[in-house]
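Computed from a predicted model, the values in this text were never measured in an experiment.
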Amino acid sequence: MFPRPGALSWTVRRHTPRQVEPPCVCMTLTSRRQDSQEARPECQAWTGTLLLGTCLLYCARSSMPICTVSMSQDFGWNKKEAGIVLSSFFWGYCLTQVVGGHLGDRIGGEKVILLSASAWGSITAVTPLLAHLSSAHLAFMTFSRILMGLLQ
């Protein structure tokens, strides 16, 4: 059943694993021992920047639900109108997920994040001005929340 030793020559091929590209820059840089000391500050800077950006994103996203109670009293909105303002963010947010990914592939994720974060940060900063700009409070606030959702 089994060949006798020496009757057949057995050759053993050693399988060498293929080099696989790491999925991100940080893993590429830290995968080599000699570069790991130089790459750690860059990875820490990216991690800190993304953490700060995520915190600011959620601060901007959650500011309107907190302010809606006092704004609805000031402007005389009923629950339906306040719900329209609050839900308008998610309509904009849902509609641009694929478009944002496509733009990230075309021009680069860093540029898309920088531009969109700058724009929604500006909209968040001018929200009180938009609310008192004219008598169409509901329209301005709904439009600004849709725009903020589009950018986030």
Side-chain angles (χ1 to χ4, degrees), residues 13-152:
R13 271 185 38 185
R14 292 186 181 216
H15 177 69
T16 57
R18 295 185 333 196
Q19 289 284 353
V20 178
E21 291 290 324
C24 74
V25 175
C26 292
M27 289 180 69
T28 303
L29 294 174
T30 58
S31 65
R32 299 182 186 108
R33 282 203 180 271
Q34 67 267 17
D35 292 340
S36 66
Q37 295 300 323
E38 299 167 6
R40 186 171 291 291
E42 184 180 353
C43 288
Q44 288 174 345
W46 273 106
T47 303
T49 303
L50 291 174
L51 177 67
L52 178 65
T54 302
C55 290
L56 291 174
L57 175 83
Y58 280 101
C59 286
R61 188 179 294 179
S62 64
S63 64
M64 189 62 188
I66 294 169
C67 297
T68 301
V69 176
S70 63
M71 289 180 75
S72 61
Q73 290 174 352
D74 290 345
F75 299 133
W77 296 343
N78 59 21
K79 289 188 180 213
K80 182 180 178 182
E81 292 169 335
I84 289 171
V85 171
L86 290 174
S87 67
S88 61
F89 171 84
F90 293 104
W91 282 107
Y93 188 77
C94 291
L95 293 175
T96 56
Q97 294 297 306
V98 175
V99 175
H102 180 70
L103 279 175
D105 287 342
R106 298 283 292 196
I107 64 173
E110 296 89 4
K111 291 178 185 175
V112 171
I113 289 173
L114 178 67
L115 292 173
S116 66
S118 300
W120 59 253
S122 300
I123 291 172
T124 302
V126 299
T127 296
L129 297 174
L130 290 173
H132 297 289
L133 194 60
S134 73
S135 61
H137 311 289
L138 187 65
F140 275 114
M141 292 310 300
T142 302
F143 178 71
S144 70
R145 292 294 291 175
I146 289 173
L147 192 57
M148 186 183 280
L150 289 171
L151 293 168
Q152 283 191 12

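A donor-acceptor pair is defined here as one N or O able to donate and one able to accept, closer than 3.5 Å; such a pair exists between the side chain of S88 and the backbone of V85.
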**OP:** May I have the step-by-step check of side chain to side chain contact (heavy atoms under 4.5 Å, CB included) for Q152 and Y58, ending in yes or no?
**Re:** CA-CA 10 Å; Q152 283 191 12; Y58 280 101; over 6 Å; no
**OP:** Check the pair W77 / L138 against side chain to side chain contact (heavy atoms under 4.5 Å, CB included), numbers first and verdict last.
**Re:** CA-CA 8 Å; W77 296 343; L138 187 65; 4.2 Å; yes
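The distance from atom CG of L52 to atom CG of L57, rounded to the nearest 0.5 Å, is 11.0 Å. To the nearest 0.5 Å, the span separating SG on C67 from CE on M141 amounts to 8.5 Å. Interatomic distance, W120 CH2 to L56 CG, rounded to the nearest 0.5 Å: 5.5 Å. Atoms OG and CG, from S144 and L129 in turn, are 11.5 Å apart once rounded to the nearest 0.5 Å. For the atom pair CZ of R145 and CE of M64, the computed distance is 6.0 Å after rounding to the nearest 0.5 Å. Residue L151 holds its CG atom at 8.0 Å from OG1 of T96, rounded to the nearest 0.5 Å.
H137 and H132 have perpendicular rings, their planes meeting at more than 60° on a 0 to 90° scale where under 30° would count as parallel. Between F89 and Y93, the two ring planes are parallel [angle under 30°; tilted spans 30° to 60°].
Closest approach of T68 and A82 over heavy atoms only: CG2-CB, 3.7 Å. When all heavy atoms of A125 and P128 are compared, the pair lying nearest together is O-CD, 3.6 Å. Nearest heavy-atom pair, E81 versus N78, reported as atom, atom and distance to 0.1 Å: N-OD1, 2.8 Å.
Around atom CZ of F143, no more than 12 heavy atoms belonging to other residues, nucleotides or ligands sit under 6.0 Å away.
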